[in-house]
Amino acid sequence: MLRMAIQAKGRLNEDTMGLLADAGIDVAPAKRKLVAKASGFPIEVLYLRDDDIPQAVHIGVADVGIVGLNEVAEREMKLHEVMRLGFGACRISLAIPKAETYSGLEWFKGKCVATSYPNILSKFFYEQGIDADIYEIAGSVEIAPAVGLADAIFDIVSSGGTLIQNGLKEVEQVFHSEAVLVATPGLSETKLKEVEKLKFRFSSIVNSRGYKYVLMNIPREALPEAVKLIPGMRSPTVLPLADEAWCSLHTVLAEDVLWEKVEQLKALGAEGILVLNLENMVI
Ligand code: ATP
Ligand code: MG
């Protein structure tokens, strides 16, 4: 049986629990229990703070874990990255007071930068040949310049709203992160097989995100044009209707082109267009 470390509460918890549920893995949420058995897959879930997940997976307390790439990089743990999960996207950026003129990385020479990610930052500064002081703080990094603790910050940004609220501007995006499934290096053959099964389930969910299942009735004579518009996974499915002048066309469309394609299909005479959510896409 595999043991998986996930965030007990916080930004990754909800999406992680959602992914497990979609993958048919039923697990009790973190309350007072640190470990919970799951049903639907031979797995046990270990609820941890995200900071502790890379090490737990590294030493094998958990065989796999779901955590942000940022935490893995900061702890400098060599883990086996099984797959990216497509949620928890953010970046770690350098930000300076908005009134400052920024001419390039040289600005940071001799400055003091507050961060909760000292390892990622010192590696970056080293690679770029910048000699700056790094001041490590655990939280509320964004207020450091205003209270005189530092000249600049290196912190997680997603929308940028927090920076603006604190009179800061983002000047360098250094690290791009998202949630990943990681595994202990050198797992046994048996456990690796289980990890592959887990990856298979997760992949079908991650792949189906951003896609819709679309079906419609279309005049048979418009079919060649319609097929050109929607290639589908291999090619669209065409089913006969009782009325021989019509047929039913089924396909999978990416959400970003969905409405444009639907309008074009309507213009070709398509009727009764249904757009359905896709739960899994097993490629
Ligand atoms: P814990 O109590 O588990 O240590 P935390 O407070 O350190 O939690 P959260 O704020 O819950 O961490 O963020 C967890 C992860 O979510 C981050 O490490 C990062 O990978 C991801 N994330 C995505 N967007 C953001 C964001 N806007 N701010 C912070 N983290 C984000
Ligand atoms: Mg944390």
Side-chain angles (χ1 to χ4, degrees), residues 3-21 27-36 45-59 61-62 64-95 113-124 134-145 150 152-183 202 205-206 209-210:
R3 187 186 268 178
M4 174 191 269
I6 69 171
Q7 193 190 25
K9 55 181 190 328
R11 284 176 204 264
L12 297 179
N13 175 269
E14 199 178 310
D15 285 338
T16 303
M17 297 301 281
L19 180 66
L20 293 178
V27 50
K31 285 213 180 97
R32 244 167 288 144
K33 272 197 169 170
L34 182 66
V35 186
V45 170
L46 180 62
Y47 291 105
L48 295 178
R49 286 201 58 177
D50 71 342
D51 315 50
D52 297 330
I53 295 176
Q55 195 185 13
V57 174
H58 183 73
I59 61 178
V61 165
V64 287
I66 294 181
V67 69
L69 267 176
N70 53 321
E71 289 299 324
V72 179
E74 179 57 26
R75 315 280 146 197
E76 298 179 321
M77 295 283 166
K78 288 241 175 314
L79 301 176
H80 168 43
E81 184 182 313
V82 181
M83 65 179 290
R84 302 201 169 198
L85 297 170
F87 62 84
C90 58
R91 54 192 187 268
I92 315 183
S93 295
L94 283 161
V113 186
T115 187
S116 310
Y117 294 92
N119 290 327
I120 297 177
L121 182 58
S122 62
K123 188 160 170 263
F124 175 72
I134 296 174
Y135 181 63
E136 184 179 353
I137 39 178
S140 306
V141 174
E142 64 283 355
I143 63 160
I153 66 162
F154 179 62
D155 202 12
I156 292 194
V157 182
S158 49
S159 68
T162 313
L163 292 183
I164 295 168
Q165 274 166 26
N166 287 283
L168 299 167
K169 60 180 176 191
E170 183 178 11
V171 292
E172 302 282 345
Q173 297 187 5
V174 174
F175 189 92
H176 289 268
S177 180
E178 69 178 279
V180 279
L181 176 68
V182 285
F202 286 175
I205 296 154
V206 173
R209 289 200 186 122

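Ligands are counted one by one from 1 in listed order, and the atoms in each one are counted from 1 as well.
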Review point. In terms of residue, atom name and distance, what is the protein heavy atom nearest to atom 22 (N) of ligand 1?
Key: C90 SG, 3.7 Å

Review point. For ligand 1, which atoms have a heavy atom of R49 less than 4.0 angstrom away?
Key: 1 (P), 2 (O), 3 (O), 4 (O)

Point to revise | atom 14 (C) of ligand 1: nearest protein contact (heavy atom, Å) | key: D50 OD2, 3.3 Å

Point to revise | side chain to side chain donor-acceptor pair (under 3.5 Å) partners of S93, counting only residues at least two apart | key: E170

Point to revise | Atoms in ligand 1 flagged as close to S158, the criterion being non-hydrogen separation under 4.0 Å | key: 26 (C), 27 (N)

Revision key, fill the gap. Of all heavy-atom pairs linking A114 and A144, the shortest is CB-CB, 3.6 Å

Study note, to complete from the structure: When distances are taken from atom 8 (O) of ligand 1, the protein heavy atom at minimum range is Q7 NE2, 3.0 Å

Check your understanding: Counting heavy atoms only, which part of E178 comes closer than 4.0 Å to ligand 1: side chain, backbone, both or neither?
Key -> neither

Point to revise | Proximal protein heteroatoms (N, O or S) of the Mg ion (ligand 2), under 2.8 Å | key: D50 OD1, D51 OD1

Revision key, fill the gap. If we number the atoms of ligand 1 from 1 as shown, the ones under 4.0 Å from a heavy atom of K9 are 3 (O)

Check your understanding: Among the heavy atoms of S159, does any lie under 4.0 Å from an atom of ligand 1?
Key -> no

Point to revise | Enumerated ligand 1 atoms positioned under 4.0 Å from heavy atoms of L12 | key: 15 (C), 16 (O)

Practice item. Report the residues that fulfil side-chain contact (heavy atoms from CB on, under 4.5 Å) with V35, sequence neighbours left out, ordered by chain and then residue number. Key: E44, L46

Check your understanding: V180 pairs by side chain to side chain contact (heavy atoms under 4.5 Å, CB included) with which of L85, L69, V82?
Key -> L69

Practice item. Identify the heavy atoms of E71 and Y117 that sit nearest to each other, and give their distance. Key: OE2-OH, 3.0 Å

Point to revise | Ligand-residue contact atoms, ligand 1 with G68, heavy atoms, under 4.0 Å | key: 20 (O)

Exercise for review: Tell me which protein heavy atom sits closest to atom 18 (O) of ligand 1, plus the residue, atom name and distance to 0.1 Å.
Suggested key: N70 ND2, 2.9 Å

Exercise for review: Give the atoms of ligand 1, by number and element, whose distance to some non-hydrogen atom of G10 is under 4.0 Å.
Suggested key: 11 (O)

Check your understanding: Considering only protein heavy atoms, which is closest to atom 11 (O) of ligand 1, and at what distance to one decimal place?
Key -> R11 N, 2.8 Å

Revision key, fill the gap. So the atoms of ligand 1 within less than 4.0 Å of a heavy atom of A89 turn out to be 23 (C), 24 (N)

Review point. So among D155, V174, I134, which one has a side chain to side chain contact (heavy atoms under 4.5 Å, CB included) with L121?
Key: I134

Revision key, fill the gap. The side chain to side chain donor-acceptor pair (under 3.5 Å) partners of E14 (sequence neighbours excluded) come to none

Exercise for review: Measure across V141 and I153 and return the closest heavy-atom pair with its distance rounded to 0.1 Å.
Suggested key: O-CG2, 3.3 Å

